[in-house]
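Counting starts at 1 for both ligands and their atoms, in listed order.
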Amino acid sequence: MAGYERTSDHVRDFIQCFSLNNCALGSQGYNRVLLQLFGYMGHGKSTLINSCKYVLDDGEYHNYAKASASHQSVTYSRTAYPLTDTITIVDNRGCATFNTYETGEIYAQLGNFIPLNELVEWTNNYEQMIYRLEDSEMDPNFTDFTIPVFVYSIKKGLAEGEKKETKEFIDNCRKMTGVYPIVVLTNKTCGDFKQAEKEFLLMGVEKVIKVENYTMEDHGRTQGRHKEILHLLYSVLEDVNFQMKFKRNPRKERVERKKFLLKFLHEREVKQKLEQMRRQETTIVVIKLEEN
Ligand SMILES: Nc1nc2c(ncn2[C@@H]2O[C@H](COP(=O)(O)OP(=O)(O)OP(=O)(O)O)[C@@H](O)[C@H]2O)c(=O)[nH]1
Ligand SMILES: [Mg+2]
């Protein structure tokens, strides 16, 4: 028991004191670790932020990120919450699906092309997206080391269609940031977490962390829940430490991400136009058949 407390305090100190300057090759031009949360609506993103703040600050429980039980999306903006001097966690609007309509916006967020603390709007409009990318050049951000975190409630389970789009999203997250997203399974006591874990591992994810969040209704401190949240943050920093062992060039990475995003947006636009043309052709054929 005493041993556990010592380890837990040690992990918390490690997280609180983590500085990019202490990485193997120094900060290499980065000054912040940005944990960007993603996931379907209502899967516990905002609650996870509240849990992280609760465990790290060790004070009262606050609903900082405005988590709420609802059938509709609750969070609409992308708000940044500093956890330590180096780590900031970013809440996000929940997706209804992970099709190209929503993921285009997310890839732009992952590449740090969209400023924080703004409303999140999904758009399929090619021109609008390109203009936003160009606008980001006014004040380019290449100093954030981004770690994507995919939040998934095992209460819900993955439908077949969701598995396919989630896998594609996870692969693209890696292309965009160079790291696989860390998957956080919430509501771990409400379903078969082993099955959910297996499915994400099969998608190529390397870290799946199960948590039972502290909620507004239930935030009595328990060793197990504290440990899980600390384990999550520790795992993130382990990944950062590993990546930072290698020589990096933040400016070059930004350029590569922009290329990926431009290609993605262009291909999406071409696909949409083709589908539109096919629909129009079908309508014309139907009309002609009716006329005859
Ligand atoms: N029991 C339990 N409840 C949870 C857990 N995580 C989230 N909840 C509850 O689930 C509901 C939705 O959580 P939110 O954190 O608001 O979900 P979200 O992903 O931010 O939702 P959007 O902002 O709409 O995308 C809230 O009522 C939370 O209390 C968990 O691990 N265990
Ligand atoms: Mg939310």
* Asked: Pick one: which of K167, K175, R174 meets salt bridge (charged side-chain N to carboxylate O under 4.0 Å, His left out) with D171?
  -> K167

* Interfacing atoms of ligand 1 (cut-off 4.0 Å, heavy-atom, M41) -> 25 (O)

* Give the intermediate values and the outcome of side-chain hydrogen bond (donor to acceptor under 3.5 Å, both in side chains) for residues N213 and T186. => CA-CA 7 Å; N213 272 323; T186 60; 5.0 Å; no

* Asked: Are L83 and K53 side-chain neighbours, meaning at least one heavy-atom pair lies under 4.5 Å?
  -> yes

* **Protein heavy-atom partner closest to atom 11 (C) of ligand 1 - residue, atom, separation in Å** => S68 O, 3.8 Å

* Distance-only N or O hit between ligand 1 and G42, under 3.5 Å -> yes

* Structure fact -> atom 24 (O) of ligand 1: closest protein heavy atom, distance to 0.1 Å, is V74 N, 2.7 Å

* To do: Please report which non-hydrogen protein atom sits nearest to atom 32 (N) of ligand 1, along with the residue it belongs to and the distance in Å to one decimal place.
  => E212 OE2, 2.8 Å

* R221 and Y54, any side-chain heavy atoms less than 4.5 Å apart -> yes

* Check: T75 N/O within less than 3.5 Å of ligand 1 N/O -> yes

* Which residue and heavy atom of the protein sit nearest atom 29 (O) of ligand 1, plus the separation -> T215 CG2, 3.5 Å

* Asked: Would one find an N or O of K45, backbone or side chain, under 3.5 Å from an N or O of ligand 1?
  -> yes

* **F98-Y40 aromatic ring centre distance below 6.0 Å** => yes

* To do: Verify the neighbour count for atom CD of E121: are there more than 12 heavy atoms of other residues, nucleotides or ligands below 6.0 Å?
  => no

* **Residues E269, K273: salt bridge by 4.0 Å N-O rule** => yes

* Measure the distance from atom 14 (P) of ligand 1 to every protein heavy atom, then report the residue, atom name and distance (to 0.1 Å) of the closest one. => T47 OG1, 3.4 Å

* Salt-bridge present (E281, R278; N to O < 4.0 Å) -> no

* **Rounded distance (nearest 0.5 Å) linking atom CG of D144 with atom OH of Y30** => 10.0 Å

* To do: Pick one of side chain, backbone, both or neither for how N213 approaches ligand 1, counting any non-hydrogen atom pair under 4.0 Å.
  => both

* For the atom pair CE (M203) and NZ (K163), what is the distance rounded to the nearest 0.5 Å? -> 7.5 Å

* Structure fact -> Among non-hydrogen protein atoms, atom 5 (C) of ligand 1 lies closest to N187 ND2, 3.5 Å

* Are H226 and D58 close enough that some pair of their side-chain heavy atoms sits under 4.5 Å apart? -> yes

* Nearest non-hydrogen protein atom, atom 17 (O) of ligand 1 -> G44 N, 3.1 Å

* **Nitrogen or oxygen of M216 less than 3.5 angstrom from that of ligand 1** => no

* Is D91 in polar range of ligand 1, meaning some N or O pair under 3.5 Å apart? -> no

* Answer yes or no for S68: is there an N/O/S atom below the 2.8 Å cut-off from the Mg ion (ligand 2)? => no

* Taking distance alone, with no angle check, do R93 and ligand 1 share an N/O pair under 3.5 Å? -> no

* **Any N or O of K188 closer than 3.5 Å to N or O of ligand 1** => no

* Between the Mg ion (ligand 2) and T75, is there an N, O or S atom separated by less than 2.8 Å? -> yes

* Asked: Less than 4.5 Å apart, any side-chain heavy atom of L56 and any of L230?
  -> yes

* So is A69 polar-close to ligand 1, meaning N/O to N/O under 3.5 Å? -> yes

* **pair R93-K45: side-chain heavy atoms closer than 4.5 Å** => no

* At the 4.0 Å heavy-atom cut-off, does G39 count as touching ligand 1? -> no

* Asked: So, is H43 polar-close to ligand 1, with some N/O to N/O distance under 3.5 Å?
  -> yes

